[in-house]
*Asks:* 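My questions all concern the structure below.
None of these values were measured; they are calculated from a predicted model. Reckoned from all heavy atoms, side chains included, excluding hydrogens, waters and symmetry mates.
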Amino acid sequence: TTKPTVLNILERPFTQLLLGLAAAASGGEAALRDQPSMLGIVTPVSPLKIAVMNEGIIDAVNAGVPILYSPGPMMGATGPATIAGTLALTTAEVLFGVVLTQLIQPGAKVVLKPDTDVFDMTTTQCTYGSPEQNLGKMAMAQLARFYKIPIYSLGGGVEGKVPDAETAAEAMMSMLLNGLAGINLNQSLGSMAFGLYGSQEQVVICDELVRQIKHVLRGIVVDDETLALDVIREAGYGGS
């Protein structure tokens, strides 16, 4: 693949072994540092806690691996039940991650990866396609632009169990809103049932939806050629 691999950054011994594999695959530690082929995702424990399982961030930053700092408070469980309250908590946590990476190594590469998750009270699952979650993601995208930091987010994940109209609708809503909000990177295309498993058919569906979304995001070119006034005049009244 030409795309970077996202790897979990956990305890230091685990992370050190993982970085060794990544360096070997990249042609050595210097090559990995010069042109990182991976992103390291760090998931702290919401609310407001970083644990031993997150300490591999030290080694990942020192290896030159860009960090996706990814707090994920769930509205109504590990965060407030309101969108605004969860945004306040998520922003505090993700900015802590930015500061932490810079304390480890000034200038370290970091990408915001805030998950504005929602706790489904009936299933006890973390939702993947709820309106509240999508609103939260769009708000975090606005904050990322304010802080001038790239942002990576859930997009295309659904709660449906099989590829159908429901899953296509949920995927389109989340990916289109992410694109319009200016989110730089998206994950979970093709995942199903709150992320419990994946579907190759859904990957194909999402790929087609992404093509349409990219077309929409490009907008409309307006110039002398595309206005086609000469064609309109040539066809004339009643022409075709």
*Asks:* Backbone N or O of Ala181 within a donor-acceptor pair of the Arg145 side chain at under 3.5 Å?
*Replies:* yes
*Asks:* Grouping I, L, V, M, F, W and Y whenever their side-chain heavy atoms are under 4.5 Å apart, do Val110 and Tyr147 come out in a common cluster?
*Replies:* yes
*Asks:* Are Thr167 and Gln202 close enough that a side-chain donor and a side-chain acceptor fall under 3.5 Å?
*Replies:* yes
*Asks:* For Ile83, is there any backbone N or O sitting under 3.5 Å from a side-chain donor or acceptor partner on Thr86?
*Replies:* no
*Asks:* Minimum heavy-atom separation for Gln102 and Ala108, please, with both atom names.
*Replies:*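 For Gln102 and Ala108, the tightest heavy-atom pair comes out as NE2-O, 3.0 Å.
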*Asks:* Where the side chain of Arg12 meets the backbone of Met53, is there a donor-acceptor pair that is under 3.5 Å apart?
*Replies:*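 Pair absent, no side-chain N/O of Arg12 close to backbone of Met53.
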*Asks:* So Ser188 and Tyr128, do their side chains get closer than 4.5 Å, heavy atoms only?
*Replies:*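 Yes; the side chains approach each other to less than 4.5 Å.
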*Asks:* More than 12 foreign heavy atoms under 6.0 Å from CZ of Phe146: is that the case here?
*Replies:*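 It does not: Phe146 CZ has 12 such atoms or fewer within range.
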*Asks:* Hey, what do you get for OG1 (Thr123) to CD (Glu159), rounding to the nearest 0.5 Å?
*Replies:*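 Going from OG1 on Thr123 over to CD on Glu159, the span is 7.5 Å.
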*Asks:* Does the side chain of Val221 reach to within under 4.5 Å of the side chain of Asp223, using non-hydrogen atoms?
*Replies:* yes
*Asks:* What pair of heavy atoms forms the shortest contact from Ser46 to Pro71, and how long is it?
*Replies:* OG-CB, 4.3 Å
*Asks:* I want to check something: taking the side chain as every heavy atom from C-beta on, are Val210 and Leu189 in contact at a cut-off of under 4.5 Å?
*Replies:* yes
*Asks:* Look at the side chain of Thr116 and the backbone N and O of Gln133, then say whether any donor-acceptor pair between them is shorter than 3.5 Å.
*Replies:* yes
*Asks:* Would the distance check show the side chain of Ser130 and the main-chain N or O of Thr127 forming a donor-acceptor pair, the cut-off being under 3.5 Å?
*Replies:*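 No.
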*Asks:* Which atom names give the shortest non-hydrogen contact between Leu48 and Glu93, and what distance separates them?
*Replies:* N-OE2, 3.2 Å
*Asks:* Can you confirm whether Asp224 is buried at CG, in the sense that more than 12 heavy atoms of other residues, nucleotides or ligands lie under 6.0 Å from that atom?
*Replies:* no
*Asks:* List the steps and the verdict of side chain to side chain donor-acceptor pair (under 3.5 Å) for Gln125 and Asp120.
*Replies:* CA-CA 5 Å; Gln125 295 280 4; Asp120 188 308; over 6 Å; no
*Asks:* Could you report the tightest heavy-atom contact between Val65 and Gly40, atom names first, then the distance?
*Replies:* CG1-N, 3.6 Å
*Asks:* Quick one, Leu143 and Thr91 - any side-chain contact, counting heavy atoms below 4.5 Å?
*Replies:* yes
*Asks:* Once you round to the nearest 0.5 Å, how far does CD1 of Ile149 lie from NZ of Lys109?
*Replies:*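 The distance works out to 14.5 Å.
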*Asks:* Are Met175 and Leu180 linked, directly or through other ILVMFWY residues, by side chains that come within less than 4.5 angstrom of each other?
*Replies:*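 Yes, because Met175 and Leu180 connect within a single hydrophobic cluster, where side-chain heavy atoms sit under 4.5 Å apart.
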*Asks:* Counting only N and O atoms by type, is there a donor-acceptor contact under 3.5 Å from the side chain of Asn178 to the main-chain atoms of Leu154?
*Replies:*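 Answer holds: yes.
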*Asks:* Evaluate side-chain contact (heavy atoms from CB on, under 4.5 Å) for Val45 paired with Ile50, printing each intermediate quantity in order.
*Replies:* CA-CA 6 Å; Val45 183; Ile50 188 165; over 6 Å; no
*Asks:* Determine whether Met173 and Met140 fall in the same hydrophobic cluster, where Ile, Leu, Val, Met, Phe, Trp and Tyr are linked whenever their side-chain heavy atoms lie under 4.5 Å apart.
*Replies:* yes
*Asks:* Identify the heavy atoms of Met75 and Glu132 that sit nearest to each other, and give their distance.
*Replies:* CE-O, 3.9 Å
*Asks:* So, taking the atom named CG in Leu112 and the one named CG in Leu185, what distance separates them when rounded to the nearest 0.5 Å?
*Replies:*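 Answer for the CG-CG pair, Leu112 versus Leu185, is 11.5 Å.
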*Asks:* Would a single hydrophobic cluster contain both Met138 and Ile213, if residues Ile, Leu, Val, Met, Phe, Trp and Tyr are joined by side-chain heavy-atom contacts under 4.5 Å?
*Replies:*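 Each belongs to a different hydrophobic cluster.
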*Asks:* Quick one: does Cys126's side chain get under 4.5 Å of Phe194's, heavy atoms only?
*Replies:* no
*Asks:* Show the numbers, then the answer: is there a side-chain contact (heavy atoms from CB on, under 4.5 Å) between Val6 and Tyr152?
*Replies:* CA-CA 11 Å; Val6 178; Tyr152 182 122; 3.7 Å; yes
*Asks:* Side-chain donor-acceptor pair under 3.5 Å between Ser37 and Ser26, yes or no?
*Replies:* yes
*Asks:* Calculate, to the nearest 0.5 Å, the distance between atoms CD1 and CG belonging to Ile57 and Leu10 respectively.
*Replies:*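 So the gap between those two atoms works out to 12.0 Å.
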*Asks:* Walk me through it: do Glu166 and Lys161 pass the test side-chain contact (heavy atoms from CB on, under 4.5 Å)?
*Replies:* CA-CA 9 Å; Glu166 177 194 355; Lys161 309 301 188 293; over 6 Å; no
*Asks:* Could you check whether any side-chain N or O of Asn54 sits under 3.5 Å from a backbone N or O of Ala51, counting only pairs where one atom can act as donor and the other as acceptor?
*Replies:* yes
*Asks:* What verdict does the side-chain contact (heavy atoms from CB on, under 4.5 Å) test give for Glu11 and Val52, after you've listed the backbone C-alpha separation in whole Å, the side-chain angles of each residue and the deciding distance to 0.1 Å?
*Replies:* CA-CA 6 Å; Glu11 292 87 349; Val52 171; 4.3 Å; yes
*Asks:* Not counting sequence neighbours, list each pair that qualifies as a salt bridge (Lys or Arg N to Asp or Glu O under 4.0 Å) and has a residue in residues 196-208.
*Replies:*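 Salt bridge (Lys or Arg N to Asp or Glu O under 4.0 Å) check on residues 196-208 returns Glu208-Arg211.
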*Asks:* Could you tell me if the side chain of Asp115 sits less than 4.5 Å from the side chain of Lys113, heavy atoms only?
*Replies:*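 The answer is yes; the side chains approach within 4.5 Å.
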*Asks:* Measure the spacing between CG of Leu18 and CG of Asp59 and express it to the nearest 0.5 Å.
*Replies:*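 Spacing of CG (Leu18) from CG (Asp59) equals 11.0 Å.
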*Asks:* Quick one, Tyr69 and Leu95 - any side-chain contact, counting heavy atoms below 4.5 Å?
*Replies:*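 In short, these two side chains do not touch, never coming nearer than 4.5 Å.
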*Asks:* Give me the atom names and distance for the closest heavy-atom approach of Ala144 to Ile151.
*Replies:* CB-CB, 3.8 Å
*Asks:* Shared ILVMFWY cluster between Val94 and Val118, side chains joined below 4.5 angstrom?
*Replies:* yes
*Asks:* Is any side-chain heavy atom of Pro36 closer than 4.5 Å to a side-chain heavy atom of Pro66?
*Replies:* yes
*Asks:* Taking atom CG of Asp117 and atom OG1 of Thr78, what is their separation to the nearest 0.5 Å?
*Replies:* 7.5 Å
